[in-house]
2 protein chains.
Amino acid sequence: MAITVVGSVAFDSVETPSGRYDRRLAGAATYFSLAASYFTDVRVIGVVGEDFTAREEAVFHARGVDTQGIERAAGKSFFWQGSYLENLNEAKTHVTELNVFATFEPKIPESYKDSEFLFLANIDPVLQKRVLDGMPQVKLVGGDTMNYWINDHRENLLKVLAGLDVLLINDTETKLLAGHRNPVKAAHDVLGLGPKALVVKHGEFGATAYFSRDAFGDAALATHPFRAPALPLAEVVDPTGAGDSFAGGFFGYIASQPQLTPAVFKRAIFYGSVMGSFAVERFATARLEELTRDEIEERFQLFRELTHLDD
Amino acid sequence: MAITVVGSVAFDSVETPSGRYDRRLAGAATYFSLAASYFTDVRVIGVVGEDFTAREEAVFHARGVDTQGIERAAGKSFFWQGSYLENLNEAKTHVTELNVFATFEPKIPESYKDSEFLFLANIDPVLQKRVLDGMPQVKLVGGDTMNYWINDHRENLLKVLAGLDVLLINDTETKLLAGHRNPVKAAHDVLGLGPKALVVKHGEFGATAYFSRDAFGDAALATHPFRAPALPLAEVVDPTGAGDSFAGGFFGYIASQPQLTPAVFKRAIFYGSVMGSFAVERFATARLEELTRDEIEERFQLFRELTHLDD
């Protein structure tokens, strides 16, 4: 079943201990789409400038991603420049240029309107809300956000959270959103804001899912969180997009299954970790462009062996 | 099979967001012994001062721990004062008084000399080495250390590491010991110093085990780390002793099994996490004094559900 994702399609310049690159295709919706494309059909809503050429578009098309909803505008695409020289777990932002995103009004192509899954990748919650309202038929809505929206656009963000089935954010964002330092209490505070499930990403330590009392018709879930590890990696070439790739693997796997059961949800977190672990192996989207389903299944098995007592 | 543990038997004064206590029984060997006592026979080597009374000794005896090797010396026991007010994951040390530990010469009671397991809890590596050399019959040696010994007593520590089967330390200590920031490379550096296995403790995120090429006769282990989570806890009353309790659960479970197989090693890490999760639920050793084997098995099952796809 198809996923529509709205979010940034951008260019990044990044420096890591492994090297650097300038103005390569990036953005939350890009990483999400590529990761999810290994599981299901993906349709993107976003905006790009004149620097987005046939070469960038080909990256989406090679993975079968529908780009009809990527609007072309005069000017430059969203641009981010950052580095991870001191700490691979935390980006230092040097430049953020909204460019064409500053005046973006998302339009939903008619052909997207039968999507059963919607993912609101990290952008202005006002835009997230507009797309959410424009797609009332969706069965399941996931979303992401970041510190900036939590701190400075909280009211708009709360309107989005009220409509989410699954929110995927990291530890710091969870605590910021909750105003609580204990991770379990913070998670339950966030569930109180609307999402039926919260997936808290821990970077190199994986992710934990928390569920609200009525999540997915399984009362037992509410009292039991679920944890999936990240793979201990001997080299992280480029952490950019790891969280978006996690979201793409997670949501893509769910969309590929006939029903959202607790077992599917758990496997989805593993697939999220799997896709995040691939994303960081090469610069920018390089690794996500060239995967095979066999490689994904092999790594899924590795994650299972890494954590299961009886395998 | 019996474990002999050498380490501090001490008094702690601690302040946490949940409250405070003054001069309660503590120390690495104490937490280790109590946690391990639920799995096997434990014998302690250490030194205490005149402040160690029948009341403290009764805590060990209630759990069947052999205290013959706890020497009584004139003066005061080792004393530590610390707090966790800003960060539950990191203690702030206010006072450390070595007291009777300053001149301690460990003596191994004759009745301890048939112990098949030896754990060198966190103390001066010179003392660790002396006990190691005095018990040549042991089948398996585990050990712990801390930043202070890594930074300022490295040569002495390296002599201990060369004789260890399993080293249990945290992320920061692993990186310090290795001089490497990447966790996987750091782990392999540490394995190069002697231990056949390294268990890296991640605090609230559990632990990862890494194995050297010839660890426990299983070449496949060398390429596969193993991860066990910590339980997301809604309240951490007192983090003191969590790492030592982890070590006690881990080593105690191994000592209770007929053979050290990869499966036993994996379960041992889960039992370590289980005992760590109990330790922090109440102040000082309170929770570790009153557990039942049923509670331990129940929590072990919870850890399994928390991480396993098919449970």
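In what follows, chains are A, B, ... by sequence order, proteins preceding strands, each numbered from 1. This is a predicted model, so every value here is computed, not measured. Both backbone and side-chain heavy atoms feed into the values below; hydrogens, waters and symmetry mates do not.
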Practice problem: Please determine if A:Arg24 forms a cation-pi arrangement with A:Phe283, meaning its NZ or CZ atom is less than 6.0 Å from the six-membered ring centre and no more than 45° off the ring axis. | Solution: no
Quiz item: Side chain, backbone, both or neither: which part of B:Asn89 has a heavy atom under 4.5 Å from chain A?
Solution: neither
Quiz item: Will you find, in the side chains of B:Tyr31 and B:Thr240, an N or O donor that is under 3.5 Å from an N or O acceptor?
Solution: no
Quiz item: Does A:Arg293 pair with A:Glu297 as a salt bridge, N-O distance under 4.0 Å?
Solution: yes
Quiz item: Would B:Arg267 and A:Asp310 pass as an ion pair if we require N to O under 4.0 Å?
Solution: yes
Quiz prompt | Pair B:Asp294-B:Glu298, side-chain contact (heavy atoms from CB on, under 4.5 Å): steps then yes or no | solution = CA-CA 6 Å; B:Asp294 279 353; B:Glu298 203 178 296; 5.6 Å; no
Self-check item: B:Phe250: partners by ring pair (Phe, Tyr, Trp, His ring centres under 6.0 Å), with sequence neighbours left out
Solution: B:Phe265
Quiz item: For the atom pair NZ (A:Lys196) and CG (A:Leu191), what is the distance rounded to the nearest 0.5 Å?
Solution: 11.5 Å
Self-check item: Per-residue contacts, residues 227-238 of chain A versus chain B, heavy atoms under 4.5 Å
Solution: A:Arg227, A:Pro229, A:Ala230, A:Pro232, A:Leu233, A:Ala234, A:Glu235
Self-check item: Interchain contact, A:Thr208 with chain B, by part (heavy-atom threshold 4.5 Å)
Solution: side chain
